[in-house]
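Below you'll find the structure, written out as structure tokens, and then a few comments.
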Amino acid sequence: MSAGSNAAAATFWRQLPRNRLALAGAGMLLFALGLAVFAPLLAPEDPRRALLATTYSIYAAPNAQHWLGTDDAGRDVLSNLIFGARVSLTVGFFASFISIAIGGSIGMAAGFAGGATDRALMRFTDVVLVIPDLPLAIVLVALTKPSLFNIILVIGLVGWTGTARLVRAQTLAVKERKFVHRARAVGASDLRLITRHIFPLVLPLLVVNTVLVISLAILEESALSFLGLSDPTTVSWGQMLNYAFSRGATSSGAWWALLAPGAGIVWVVLGCTLLGYGLEQALNPRVKSHHLMRPAAPQTSAMQSASPAPADALLEVRGLSVDFVAQQQPAVHAVQDVSFSLRPGEIMGLVGESGCGKTTLSLSLLRLLPAAGRITGGQVLYHGRNLLALPEAQLAAVRWKEIAIVFQGAMNALNPLLPVGRQIAEAVERHEPAATAAAVAQRVGALLEQVGIPAARGRQFAHQYSGGMRQRAMIAMALACNPKVIICDEPTTALDVIIQAQILELLNALRRQLGLAVIFVTHDLGVVAEICDTVLVMYGGVVAEYASVDTVFNQPQHPYTRALLAAFPDFSRRHNALVSIPGQPPRLHALPPGCRFAPRCSSAQALCHTQQPQLLRVGAEHYASCHLLQPMLPAGSPLPQPA
């Protein structure tokens, strides 16, 4: 077990005794289990012993000799209650464990695998689900010898369908979380993704669902006992209720014969509920705390130094296209024929309105698209190797070791159940398996210090960090394996201007210090002007304009680029009016014919509404896609790198 896992386990066991809900629930369950285990010592009578009943002993009211009265056979209800806990708890817990194991395994396999596996497993689950549990259990028990083992097995086998559907839904949601994509990008195997990143977030749901399954198992055992399908030589709470209902306890006014077993069932179910909620709080520390509840650590700037950059391009993208597909619907063209290149030490700004394809383009470079995403064309060349053609095992060696990603929304990209330092260490361990635990811990501390976070804070969770610290931690994670290229997907979104300036300063310093090439996705043209060398403007999934930052800001050619600049406040020109772009960006599933910007363009001509423009060379190292510009770039030509 790793140091991070030991720290997480220690935190859980340290927090659990402080949780009142968990303590109350555990106490109630331990009390019921104690009654079951020590029943021969605690019960006033042995209900299995033959007893000659008299008229006065049947349904006798509670008295000094029988604290909870007697039943229809004159037996002590308290003794039946204590001995009945054995059978009811045995059936409830063991049957629920069988159901949880089967349903959890099927649900997680279906949700994680998706595709044909998901459809096959869910269709099988649906078939079993439409068969009522109780009639199916009656048939199965009737075909076998009524015994405690058979009842447990049958109830467990027929009660897993609800759990499977719940776990599948939770797995589908969790596997699309950005920290799972981040772990996959690091190179984590499917087994590691399930055990370390998905299952811990599904576990609280399983714990809470176990409560319902236990209660349902006890009730099903009661129903089977009522129909004479239980072992008549044993006593259970369900059998006590059935005997009381069927043998005149209600008409005789013997309320105690109903109250005692009912109270036992309610006691166990309530105890499981309280313990479940308590465990959820202890297993998921984000439920009850937030970084604002603790003082934030001071943030410092990283060291700065210069580093010469080679002239050749590290990364070259040629004609990359990405579609999103859905059943019985036309494909959505999210990215179409995008090309650019990136040199060592260069920062390229990727700008455009929301929905223009920036994040999709970034994820597609390392084939980290969601399940519905399909790369339909193009090449992603890194040192001459086409990453889109590599087998998954070879691509996993490139992810994070050569090209890393700072995902959008640091809080979502960090696993809330693992310490931040443990998540950084995961990347180092994956790509440097020979590294010792001490070396990994030293590396994690150095990375945190490099981005301005004290090394000791690595033992804390993401919710204990401020927004700026989480972004710094994501940058430290991206640097874990010394990559040559970092993709930053809106790393300053939702941060105040002071923290934003610190993050930008950190990125710029790391670029100069380490010679990093950076793809910086943003909406903020001010940030682009401050730190970027080149700019790629996207609109509706296509390239609108591509040039050096000076060219784009001083000589924009595409109407969309001009509109973006006009909508950006310029405090150096006091009398410039701030304008907005009319209309809305196009919906990718309903793209307009012709130029995608034509419906919002004041200079659009008839050709713009019928024919999509090609990428044009409008300057020495300046490209734009507009019918108003000439001459056209030859088809299939790779894009030179803007200066």
Q) CD1/Ile214 to OG/Ser88 distance, rounded to the nearest 0.5 angstrom? A) 12.0 Å
Q. Under a 4.5 Å cut-off applied to non-hydrogen side-chain atoms, are Val77 and Met240 in contact?
A. yes
(Q) Donor-acceptor pair, distance only, cut-off 3.5 Å: does the side chain of Arg184 make one with the backbone of Leu193? (A) no
**Q.** Minimum heavy-atom distance between Gly104 and Thr163, given as atom pair plus value
**A.** N-CG2, 3.8 Å
Q) In Å, rounded to the nearest 0.5 Å, how long is the span from CG of Leu259 to CG of Leu81? A) 9.5 Å
Q: Find out whether Val186 and Arg182 are in side-chain contact, i.e. whether some heavy atom of one side chain is under 4.5 Å from a heavy atom of the other.
A: yes
Q) Can you name the closest pair of heavy atoms from Arg470 and Ala462 and give their distance? A) NH1-O, 3.2 Å
Q) How about Arg457 and Leu448: do any of their side-chain heavy atoms sit closer than 4.5 Å? A) no
Q: Starting at CE of Met474, measure out to CD1 of Ile424 and round the result to the nearest 0.5 Å.
A: 9.5 Å
Q) CD1 of Ile405 to NE2 of His181: how many Å apart, nearest 0.5 Å? A) 10.0 Å
Q) If every non-hydrogen atom of Ile155 is compared with every non-hydrogen atom of Ala95, which pair is closest and at what distance? A) CG2-CB, 3.8 Å
Q: Walk me through it: do Asn150 and Val141 pass the test side-chain contact (heavy atoms from CB on, under 4.5 Å)?
A: CA-CA 7 Å; Asn150 288 341; Val141 173; 5.8 Å; no
Q. Under the 3.5 angstrom rule, does the side chain of Ser79 hit a backbone N or O of Glu45 as a donor-acceptor pair?
A. yes
Q: Taking the side chain as every heavy atom from C-beta outward, state whether Phe179 and Leu418 have any pair of such atoms under 4.5 Å apart.
A: no
Q: Would you please test Leu224 and Val154 for side-chain contact (heavy atoms from CB on, under 4.5 Å) and show each step?
A: CA-CA 11 Å; Leu224 293 173; Val154 167; 5.6 Å; no
Q.
Whether the side chain of Arg430 engages the backbone of Gly187 through a donor-acceptor N/O pair (distance < 3.5 Å, no angle test) should be reported.
A. yes
Q. Between Leu89 and Ala36, which heavy-atom pair has the shortest distance, and what is it?
A. CD1-CB, 4.3 Å
Q. Around Gln442, counting heavy atoms of other residues, nucleotides and ligands shown, do more than 12 lie under 6.0 Å from its CD?
A. no
Q. With a 4.5 Å limit on heavy-atom distance, are the side chains of Pro44 and Leu78 in contact?
A. yes
**Q.** Phe324 atom CZ, neighbour heavy-atom count above 12 within 6.0 Å
**A.** yes
Q. Do Trp67 side-chain atoms and Asp76 backbone N/O form a donor-acceptor pair below 3.5 Å?
A. no
Q. Are any of the side-chain heavy atoms of Phe407 and Leu363 separated by less than 4.5 Å?
A. yes
(Q) Please check if the number of heavy atoms outside Arg443 that lie under 6.0 Å from its CZ is greater than 12. (A) yes
Q) Which pair of heavy atoms, one from Phe112 and one from Ile198, lies closest together, and at what distance? A) CD1-CD1, 3.5 Å
(Q) Has Gln423 got a side-chain atom pairing as donor or acceptor with Leu414's backbone, closer than 3.5 angstrom? (A) no
**Q.** Residues Val128, Phe124; criterion side-chain contact (heavy atoms from CB on, under 4.5 Å); working and verdict
**A.** CA-CA 6 Å; Val128 178; Phe124 173 68; 3.9 Å; yes
Q. Can you tell me if Arg399 uses its side chain to pair, donor with acceptor, with the backbone of Arg367 under 3.5 Å?
A. yes
Q: Using atom types as modelled and distance alone, determine if a side-chain donor or acceptor of Ser96 lies under 3.5 Å from a backbone N or O of Val213.
A: no
Q. Are any side-chain N or O atoms of Arg165 and backbone N or O atoms of Thr125, one a donor and one an acceptor, separated by less than 3.5 Å?
A. no
**Q.** Minimum-distance pair of heavy atoms, taken over all atoms of Tyr59 and Ala257
**A.** CE2-CB, 4.1 Å
Q: Quick one: pull up CH2 in Trp160 and CD1 in Ile100 and give me the separation to the nearest 0.5 Å.
A: 12.5 Å
Q | Side-chain (Ser236) to main-chain (Gly84) donor-acceptor, under 3.5 angstrom | A | no
Q.
Whether the side chain of Lys175 engages the backbone of Gly111 through a donor-acceptor N/O pair (distance < 3.5 Å, no angle test) should be reported.
A. yes
Q.
With heavy-atom distances below 4.5 Å as the criterion, would you say the side chains of Arg168 and Ile106 are in contact?
A. no
Q.
Using side-chain contact (heavy atoms from CB on, under 4.5 Å), reason through Ile102 and Leu157 one step at a time and then give a plain yes or no.
A. CA-CA 8 Å; Ile102 297 174; Leu157 290 177; 3.7 Å; yes
(Q) Is the ring pair Phe97/Phe94 parallel, tilted or perpendicular, if the boundaries are 30 and 60 degrees? (A) perpendicular
Q) So how far is it from Trp256 CH2 to Asp71 CG, rounded to the nearest 0.5 Å? A) 11.0 Å
Q. Should Arg192 and Glu426 count as an ion pair when the cut-off is N to O under 4.0 Å?
A. yes
Q: Report yes if the side chains of Val158 and Glu220 come closer than 4.5 Å at any heavy-atom pair, otherwise no.
A: yes
